[in-house]
Amino acid sequence: MARGARRSPAALRVLGAALLFLLRSSAPSCAALTAAAASGAQAPSRSPARPAGARIVSALVFDPGECRLCAFNGPAAPRLFIDGREDGLGSNFEGILSGMAIARKAGMSFGGVVGGGRVCHGQEVGRLVSELFGVQREHLYQEAIPMLALRVMGLGDLEESRRPGQNASGDVWLRANLPLSGPGAGHIGEFLDHEFLEALRADMLPRLAERSPIAAIRRGHGPVVAMHVRRGDVSQSVNWGRYTKNEFYYDLADRIRAQLPGTEVHAWSETSGSSAPEDFDGFRDRNITVHLDTDIVETWSHMAQAQVLVMAKSSFSFTSAVLNRGCVVYQTYLTSPLQSFTATMPPCTPEALTKRPLQCSPDQTMPVVDQQKLSACLARPGAHAP
């Protein structure tokens, strides 16, 4: 939505349901500092955190040249802050991206994240996510809000705070950090629409490509297929709902190569936890280049630049997927897909298995991709080598 366009109160209220769901169903926590424990944080409140009538001109934490995505509505717009997250890299990116999109839709600027961004699964979350966005960590992640702000718990309250006379300064601390794409979040495209996504890609892709050009891994001149194979923290017995069998990727590689001759296929994964290098021999046997335990930002960059991206059931995949302009194959999981993604069929319920067996996947670890939809995805201009 362009600057000055009307906000969508109904959309914000719909997303409030997602807030309540996500606040009650958080992911496994890591060693992170939450906003509730951050220096200077107070209990949530709907009352202003400054004397009534006080007016302080809002100023961005970021230089607009450092974070153009934060300033869709200009540097004088009031700021939106969100809580930090306790989970991993992909979820942190997704939450911050959602905060930027919410701020834009509400006519605000994005001010940053209060707390969070510490170490999770051995990764320096704040540093890596800040590097991905191309901003300084101390600007993106803050220990406390630089200026007092109205504190709200949900998106309905955020909409109310934007009404005339409700918030003297206009700055708001949204006491949550949610992906827009969670259950009950409504239409993700209302926020992550074409205009926002193209601004995101125009800002991030050139910088990532300069840092980690895909030419560094290419073997030829055909399209590059990037596959994220989630391992390490998943297996057929551990967190199996996020596990996908190797055979899913083998089958897709064959089908993609049949439609796009000269395609080279690359797979990214890790060896920590439940996986070892030899577990990927099946990929190597099928002439799929395997990248294990690679630099995080480099991995995001290469998957974002690929002509075809096959996601795992992972917010880590989603990070590259929202940046990718080509064909994106999405596996059904908690995060909802963008409209442009080609989704696998959802897992079958007992009823669906009986009544609609051709419209769902009977094995959650072996998703199904409709051939007609896959062919349409691969026919897009972005799915072909430049």
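Values reported hereafter were calculated over all heavy atoms of this structure, with side chains retained and with hydrogens, waters and symmetry mates removed.
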The complete set of ring pair (Phe, Tyr, Trp, His ring centres under 6.0 Å) pairs with one or both residues in residues 273-307, sequence neighbours excluded, reads Y250-F283, H266-H291, W268-H291, W300-F316
Of R218, R219, E264, the one forming a side chain to side chain donor-acceptor pair (under 3.5 Å) with T289 is R219
Hey, is the main chain of [Y] close enough, under 3.5 Å, to the side chain of [X] for a donor-acceptor pair?
X	Y	result
D370	M345	no
R286	D281	no
S301	P213	no
R175	G154	no
R380	L378	no

Heavy-atom pair of closest approach, residues [X] and [Y]:
X	Y	answer
S361	M366	OG-O, 3.1 Å
S320	T299	OG-O, 4.3 Å
T263	R257	O-NE, 4.2 Å
A226	A306	CB-CB, 3.6 Å
F318	S336	CE1-O, 3.9 Å
P261	Q259	CD-O, 3.3 Å

query = Would the number of heavy atoms belonging to other residues, nucleotides or ligands and lying under 6.0 Å from CD of Q371 be above 12?
reply = yes
Might you work through the side-chain contact (heavy atoms from CB on, under 4.5 Å) test for D83 and L174, ending with a clear yes or no? CA-CA 7 Å; D83 273 1; L174 177 60; over 6 Å; no
I need the [X] [atom1] to [Y] [atom2] distance, nearest 0.5 Å.
X	Y	atom1	atom2	answer
D295	S212	CG	OG	6.0 Å
Y333	T335	OH	OG1	3.5 Å
R255	L260	CZ	CG	12.5 Å
M227	M303	CE	CE	12.5 Å
L140	C70	CG	SG	7.5 Å

I'd like to know whether F248 forms a side-chain contact (heavy atoms from CB on, under 4.5 Å) with T344, so could you lay out the CA-CA distance, the side-chain angles of the two residues, the decisive distance to 0.1 Å, and finally the verdict. CA-CA 11 Å; F248 167 79; T344 59; 4.1 Å; yes
Here the disulfide bond (SG atoms under 2.5 Å apart) pairs for residues 308-347, sequence neighbours left out, are C327-C377
Would you say that [X] contacts [Y] through its side chain, given a criterion of any heavy-atom pair below 4.5 Å between the two side chains?
X	Y	result
Y249	V229	yes
S340	V328	no
P362	C348	yes
F93	L97	yes
P78	R162	yes
W240	V238	no
M108	L158	yes
Y141	V114	no

Distance-only donor-acceptor pairs under 3.5 Å for side chains of residues 129-136, two or more places apart:
| unit_1 | atom_1 | unit_2 | atom_2 | d |
| --- | --- | --- | --- | --- |
| S130 | OG | G126 | O | 2.7 |
| E131 | OE2 | R211 | NE | 2.7 |
| E131 | OE2 | R211 | NH2 | 3.0 |

Applying salt bridge (charged side-chain N to carboxylate O under 4.0 Å, His left out) to K245 and not counting sequence neighbours gives D363
Salt bridge (charged side-chain N to carboxylate O under 4.0 Å, His left out) filter on D254, not counting sequence neighbours, yields none
- Take V125 and R127 through the side-chain contact (heavy atoms from CB on, under 4.5 Å) test and state the conclusion after the steps. CA-CA 6 Å; V125 173; R127 178 183 65 79; over 6 Å; no
Would you tell me whether [X] and [Y] have side-chain atoms, one donor and one acceptor, within less than 3.5 Å of each other?
X	Y	result
T271	D293	yes
R231	N246	yes
T365	T244	no
S315	E94	yes
Q307	H384	no

Taking the six-membered ring for Trp, are the ring centroids of F72 and F110 within less than 6.0 Å of each other?
no
| message | The test is side-chain contact (heavy atoms from CB on, under 4.5 Å); show your working for V329 and F341 and say whether it passes. | response | CA-CA 6 Å; V329 177; F341 292 176; over 6 Å; no
Residues pairing under side chain to side chain donor-acceptor pair (under 3.5 Å) where one sits in residues 196-210, two or more places apart or in two chains, turn out to be R68-D203, E198-R201, E198-R325
*Would R163 and E160 pass as an ion pair if we require N to O under 4.0 Å?*
yes
